[in-house]
Each structure stands twice: as structure tokens, then as C-alpha cells.
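Below: the structure, in C-alpha cells.
Bear in mind the structure is a predicted one, so any value in this text is a computation, not a measurement. A, B, ... follow the sequence lines: proteins, then strands. Residue 1 opens every chain.
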Amino acid sequence: MMTQGPNSAVATHHSPLRGIFSVLRTHTCGELTIENVGQTATLCGWVDTIRDFGGVTFIDLRDRYGRTQVVFNPDSNAQVLAEAGKLKNEYVIKIIGTVRPRPDGQTNKKLATGEIEFVVTDLEILNECKTPPFVPGQKEVPGEDLRLKHRYLDLRREKMLQTLQLRSRIIKTMRDYCADKNFIDIETPILGRSTPEGARDYLVPSRVFKGKFYALPQSPQIYKQIMMIAGYDRYIQVARCFRDEDLRADRQPEFTQLDLEMSFVDSDDVIGMIDGMMQRLAKDLLGLDLQLPLPRLTYDEAMTRFGHDAPDLRFGMEIVDCTDLASTCGFGVFKSTADAGKFVRGVNAKGAAPKYSRKRIDELTNMVKDDFGAKGLAWFRCEEDGSLFSPIAKFFSEDELAELKSRFDAQPGDLLLMIADTWEISCKGLYSIRKRMGVELELFDPKAMHFSWIVEFPMFEKGDDSQQWSAMHHPFTAPRDQDLAKLDGDAGKTRAKAYDLVINGYEAGGGTIRIHDSSIQQKVFGLLGLDEESAQERFGFLLDALKYGAPPHGGIALGIDRVVMLFAGLDNIRDCIAFPKTQKAYDMLTEAPNVVETLQLDDLGIGISEDAKIAETTVED
RNA sequence: GGCGCUGUAGCUCAAUUGGUUAGAGUCCCGGACUGUCGAUCCGGAGGUUGCGGGUUCGAGUCCCGUCAGCGUCGCCA
């Protein structure tokens, strides 16, 4: 530590600078308080705001730790005051001075350092700053493209700093929790092998093996299973994953997950382990006490009640089925839908009637039509006298209307919205209506946090255009013990040892118990249309490994970016990532992806097709 | 790939049914000021309304195309 020099105050073990010898500064900008009055210190930081009175100048000096008011005045040093006139926004400076209390009545309660000010005796400009396109302290948040292009400025904003600090603490807490439980942190390869299942891979060409490619991992799935076979019975990794699919507000092409695998466990063990982790995270980072175990909902229940496998459980507005009523009513659309074995279901938007004009209902109608292919959206408004008003009310008898009212628990002011269609379309349409109206009607406290598990997912699903089963999670997912018999002939009803962690309507993580029995694995491959040869071709290395003493094992992956987003109360994942990409997976800061030298391509034996060259030229124009 | 929203000064936004010289705040430049903390006051600069085409006597505003950012559907084992 410093024992010499012009500073009477030196970094203590409480200081953010503890243990780091610094010749440039003795304290951070968030550190000096009334305790330090009279001491000499050296600060470094960025010029945040300048208040120049001609005779005296105030500057807020900013760094990661906070802000300190710095005073330049002629009493202390007239020459330095003149120098201070050259300062502009975001200059980087080093100042030496003394700490003194602020005059009576002039403390700033908004600052941790607000009781003192720093009187400068010496100023050194370490670096100037061009006039920035925006300043970190400005009230309005600049457009996102500008923020991404000048990310080094954007990251200086308080909100970004807070979010990334929260992210760091979340990851540390996750790691500490796992370390306490004897997990071992293992890094798995980034350059791996493409396994053409699931998402599109990002490919990396090989120079040595011309014409062959590595793939960036979509998840370390196979490696972590192999670690279990190797006997490392509790593994974690903060793993970067890559998926070349289109982006969303909650989806980036590269993202980070807490990847975790355990041996000699069943679903409840993994769920219980994560329950404890969430309890600790909620307590340590949000001050919330979570009751354990976290609530669990089966997949079927979630779809029936909310139309989605990651429902937002911060509010009700559950789906009501009235297919039976529809089959007897006089409304042709409803009746024919019910007769065709499809569904008539709806939701009650409590108190929405006065707020939802015909125009806004039309917007909802267009949404379910355009996005999900629903044929329409029926609605009933519950009037002051308790009667149901609707353009289609005339097709219903008094009794039928009364039954509708009772089934939806309709009170005056409520708006009932119904979709008559396939199970899938009614789920999607009503889910999106519920999600949207939940926000618009403020049906929940935006600060509330709701954690839950969705369990017992189907093993298989069928694609739109094929009768072939595909794995809902991945082909190594184990069926529930009591469903093993269903693999023969009743595969659609097989439920998996799969579990998703849902926070506020977002899938925050998902995992499964894996198959460790090769006869079951063969059966599952068979149902997925994979013969032994092609299974061997794709996953041979894993199938081989499973034959050398694989213990029962399973795990989970938590989307760290999403967890940060939810804990920070944000609605977009880019604000939780230091250097995110745009919706087109473009990095505006570094301008990646970009062209490479022809020589590099030659080295790899790669040529660019004429079509791609034409497309590229068009983009540049 | 589809649908939708947005694009106006460095930044954040405004501009009536298509109608005079496209405005405000902020930032920037110059000046004043010894207690501010979103300092204040005075003066000034700053625009090919994303780009290209069209309709019109006249387009920031309407139409077509295109580019970019965002949202969403498909997609994401």
C-alpha cells in the first residue's frame, strides 16, 4: 500500500481500491465522506457535469463507484481554476486536493459523497474527449442503434452500469451456491461438431481439414453428459451458446447459460437444487423471501389454463372452455367448430369493457388472425345491468347467455373474448391476448416476481407438415418411469422427465433427466425416425460413451441473460449484455460480420458464390 | 421469409385537412456571473426531413421501392 507521496489519505481495506497499488489515485469517486474531511487525496475520473460561475467552478467527477463534487476556486489555486476552464464533458482527469465539508444547507442528499466536496490544488488532464453524440448523464435515452454504435459511451450510463453489476453478482451467487454444493466448474469446447438437430449452427471452417467445419455449441449438452459418464457427478459451467436463428427481444444469437448436470438424481433433485438457488438469488439480490418448494404446474395444466408452456402467473385471467355450450348454441361458427372436434375457449378481461372500444377489439382480432391464423375473435360485453351484449348474442338463448356469464364469472364492465378454432390456435391466440391485456389493464404489479416450474412435458410432438414424431426437448430426454410402456404404440401420450423454470412468463431455464439405458434410447430414436445407422452417424460418440458405465443423470440450463433481465425489471435482453447484436445479428460497434481477405478464404478452400456477391453489393449500395 | 411501428438539427422530440422561411429543449461555439448540483442569463451556429422514384400548382405529411433500428409470426432439439 502507499506509504509515501502527497496523499495523507490512503486506500484502506474497506476501499474499492483495496489491495491494488495505484500511483494514479488514492480513492474512487464514490468513496470520500465526512469521515475524510481534512485529508489530502488523489482522484481520477470522467468529467460528468460542469457548473462554471466565472469565479468558482464545480465539476461532478464520475467513475464506476460514484460521483464527487469537485471545486475549483481562486482561493485555493487561481492557476488551476484557469486550467479548469478547458475542461469539457467526458474529459478524463486526475486531481489532487483536500476533502472538506460542504457549507451549511448545501449538502446533496442524492450523492453518497454529498456531504463533502473536493477542493482541487492540482489538475492534470489525462485525456480529452471529442464532443460525444450523447452524454451518459442525459435525461433522454438515445436511440438504440446510436447506443450500440457508441457502446463505450452507453456503458457509462448509470442504468447500464447497474445492470452489468447485477449480472456479475447474479453469476457470482450462482457459482458460489454451486461451489457450496461441491460442483466442479468445467470448460467445454467452443469448436465442436455440428449435430443437425434443433437450431441452425454457426459454422467455423477448418484450415487443416479443407471443406470441413466446426460448429459453435448450441449448448454443452453432450459434453456435460460425457462428464457424468466420466464420474464428475456435479458439473457446472457458465457457458456461452450460439444459435443462428432470428432474434427477439429476449433472444440473442450468442447467449450465456448456467449449464449444470448431476449424476444419481431424478427430476425432484434437480428441481430442488434450483429451488434453493432461486431462493438465494431472490434473497441476496432482491431481498425477497421465496417460499419453497416453488409451485409446479404440469404442461397439460398450463396449456389448458393459460394456453402456453411458460405462463405469466402474476395474474389470473385463465382460459375458460365452453366447447360444450358451443355445440348446442345457434351460432354457426361456434357450433361447427365444436362439431368438428375443435375448441371454443375464451378469457374474461376483467373491467376491460369501458377501455376497449370496437377499434381496440379489432386490433386484438387482427392480432390473432394475422399472427396465428385464427378466423376471428368473438366478444361479449357485460353491461351495467348484468346482461351480455354482443353482435352474436342473438344466436344464444337466455339460458345459454346465463351459463356463459356464470362460467366466465362475468361482472358488469367485463369483456369476454373467445376463439373458436383448433386447440393450438386457441392456445396461441388466447395466450397472446392474455399477455397483452395483462400489461394494458395493469393486472399485476410490475415489480412482482413469480417463479414456477412447468413439468411433465410430452416426449414428442408432431411437425405441421409431417406425421413424424420429433423430440420436444432433445432425443436424450428420459420418459417418466410410469410412461415407459406408452413408448410402444401410445408415444404421443408419453410424458418426459422434463422441467422448465418460468419467471414472470419467461422460460428462464429448462432441463431433463437423460436416458442412460441404451434399449430405451434405441426405442426413442426409432420413434424419431432415426435408424441405428443414422443415430450412430450423428451421436455415435455419445451412444458409445453411454455403453461404458453411464450413471443415471440429468441437469438443467438457466438462461443467465434472461434471469438478469427479469431481476433487473427490464424487457429486453440486449440491455443485460455488454456487447449485444441487433435483430439482424449485426454488431454495430465492431461491424461484424464483415468481409475477409481473399487470402484467408483461399487458406480455407472457401469461395463466395456469385449470388452472395451480388447480394453483398446491393447491401453496400 | 411474412406482418407492423419508427426514421425530421450532434441528441430527444414537435410541425392542423398536403400550403409561407421546418420549430422547441438540449448539446456545441462566443460572452456574463464566487455556491451550484438538470446552474442561470445574453448572443450565435447548426437541416438534401434515411435513400431513390412517383402523384400534385405545391410533399416532412400521400403512393411505390429500398435501407436501417425495433416489435412480432414462422423459427429457436
Side-chain angles (χ1 to χ4, degrees), chain A residues 48-60 67-76 78 81 88-90 102-111 113-114 117 130-150 153 195-201 218-219 221-222 241-253 255 363 366-373 428-429 432 435-436 457 459-461 463-464 469-477 496 498 507 510 512 528 530 538-539 559 571-572 574 581-584 586 588 618-621:
Chain A
D48 195 69
T49 55
I50 304 169
R51 298 178 290 278
D52 181 355
F53 288 81
V56 61
T57 295
F58 300 97
I59 282 174
D60 285 346
R67 280 185 293 156
T68 298
Q69 170 160 285
V70 170
V71 187
F72 298 88
N73 67 37
D75 304 334
S76 51
L81 175 63
K88 292 193 231 172
N89 274 329
E90 299 304 308
R102 295 199 186 187
D104 284 345
Q106 291 192 12
T107 61
N108 184 344
K109 293 196 173 65
K110 285 186 258 179
L111 289 184
T113 60
E117 59 189 13
K130 284 175 66 177
T131 301
F134 62 91
V135 289
Q138 79 182 39
K139 191 173 58 181
E140 313 92 348
V141 178
E144 192 160 358
D145 41 358
L146 194 74
R147 291 173 53 204
L148 292 176
K149 187 172 178 187
H150 301 277
L153 297 177
T195 51
E197 292 271 335
R200 263 189 293 271
D201 285 318
Q218 296 180 26
S219 94
Q221 181 63 38
I222 286 169
C241 305
F242 306 84
R243 293 178 191 175
D244 188 6
E245 296 293 344
D246 285 350
L247 278 53
R248 290 285 188 283
D250 63 349
R251 218 194 284 167
Q252 279 275 299
F255 59 100
E363 285 172 16
N366 289 334
M367 177 178 76
V368 297
K369 279 182 172 175
D370 297 346
D371 286 354
F372 308 110
K428 288 181 173 178
S432 65
K435 187 175 173 183
R436 174 165 165 174
F457 282 79
M459 282 282 288
F460 308 101
E461 59 189 350
D464 294 336
W469 291 114
S470 60
M472 192 145 179
H473 195 78
H474 62 56
F476 316 114
T477 301
E507 181 192 333
T512 64
L528 295 172
L530 277 173
R538 291 185 187 186
F539 314 111
D571 58 7
N572 133 26
R574 293 181 301 278
K581 292 179 174 58
T582 68
Q583 202 174 65
K584 294 178 72 177
Y586 185 67
M588 297 194 86
T618 312
V619 169
E620 282 177 0
D621 289 347

Under 3.5 Å, N/O pairs linking protein and nucleotides 1-5 of chain B:
{"unit_1": "B:G1", "atom_1": "O6", "unit_2": "A:Asp246", "atom_2": "OD2", "d": "3.4"}

Tabulate atom names and distances for all N/O pairs under 3.5 angstrom spanning the protein and nucleotides 43-47 of chain B.
none

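Between A:Arg574 and B:G71 there is a side-chain polar atom (N or O) within less than 4.0 angstrom of OP1 or OP2.
Atom C1' of nucleotide B:C70 and atom CE of A:Met588 are separated by 12 Å, given to the nearest angstrom. Here B:U12 presents its P atom at 12 Å from CD of A:Glu144, a figure rounded to the nearest Å. Rounded to whole Å, atom P of B:C70 lies 7 Å from atom CG of A:Leu148. Here B:C13 presents its C1' atom at 11 Å from NZ of A:Lys139, a figure rounded to the nearest Å. For the pair A:Phe134 CZ and B:A9 P, the interatomic distance rounds to 17 Å; values are reported in whole Å. Protein atom NZ of A:Lys130 is 15 Å distant from nucleotide atom C1' of B:C27, rounded to whole Å. The NZ-P distance, from A:Lys435 to B:G71, rounds to 12 Å in whole Å. Atom pair A:Met472:CE and B:C75:C1' shows a separation of 15 Å (rounding to whole Å applied).
Between B:U48 and B:G60, the two C1' atoms lie 12 Å apart (nearest whole Å). Of the P atoms belonging to B:U49 and B:U20, the separation is 16 Å, rounded to the nearest Å. Distance check on atom P: B:C3 versus B:C28 gives 44 Å, rounded to whole Å. Separation of the P atoms belonging to B:C67 and B:C51 is 15 Å when rounded to the nearest angstrom. With P as the reference atom, B:G10 and B:U66 are 28 Å apart, rounded to whole Å. Taking the C1' atoms as reference points, B:G46 lies 14 Å from B:U8, given to the whole Å. Distance noted for atom C1' between B:C13 and B:U6: 13 Å (whole Å). The C1' atoms of B:U16 and B:U61 are separated by 11 Å, rounded to the nearest whole Å.
Under the Watson-Crick and G-U wobble criteria, each requiring two contacts below 3.5 Å, nucleotide B:C13 is paired to B:G23. Across all strands shown, B:C42 is found opposite B:G30 as a Watson-Crick or G-U wobble partner, with both distances under 3.5 Å. The partner of B:C3 is B:G71, judged by Watson-Crick or G-U wobble contacts that both fall below 3.5 Å. With a cut-off of 3.5 Å on both pairing distances, B:G18 has no Watson-Crick or G-U wobble partner at all.
Under the side chain to side chain contact (heavy atoms under 4.5 Å, CB included) criterion, A:Val56 pairs with A:Phe53, A:Phe58, A:Val71, A:Asn73, not counting sequence neighbours. Remark: A:Phe476 engages A:His474, A:Phe539 in a ring-ring contact (aromatic ring centres under 6.0 Å, His included) (not counting sequence neighbours). For A:Arg574, the side chain to side chain contact (heavy atoms under 4.5 Å, CB included) partners two or more places apart in sequence, or in a different chain, are A:Glu144, A:Gln252, A:Asn572, A:Pro580.
Distance alone, capped at 3.5 Å, places no donor-acceptor pair between the A:Glu461 side chain and the A:Ser470 backbone. Side chain of A:Thr113 to backbone of A:Arg67: a donor-acceptor contact under 3.5 angstrom is found.
Using a 4.0 Å heavy-atom criterion, one finds that A:Leu247 contacts no nucleic acid atom at all.
No side-chain heavy atom of A:His150 sits less than 4.5 Å from a side-chain heavy atom of A:Pro132.
For the pair A:Lys428 and A:Asn572, both in contact range of RNA chain B, the more 5′-proximal nearest nucleotide belongs to A:Asn572.
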Where along nucleotides 28-37 of chain B does protein come under 4.0 Å, by heavy atom, of base (B) or sugar-phosphate alone (S), with - for untouched nucleotides? SS---BBBBB
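In the displayed structure, A:Asp571 atom CG is contacted under 6.0 Å by at most 12 heavy atoms of other residues, nucleotides or ligands.
The base of B:C76 sits within donor-acceptor range of the side chain of A:Arg251, with an N or O pair under 3.5 Å.
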Under the salt bridge (Lys or Arg N to Asp or Glu O under 4.0 Å) criterion, do A:Asp60 and A:Arg51 qualify, and how do the steps go? CA-CA 9 Å; A:Asp60 285 346; A:Arg51 298 178 290 278; 3.2 Å; yes
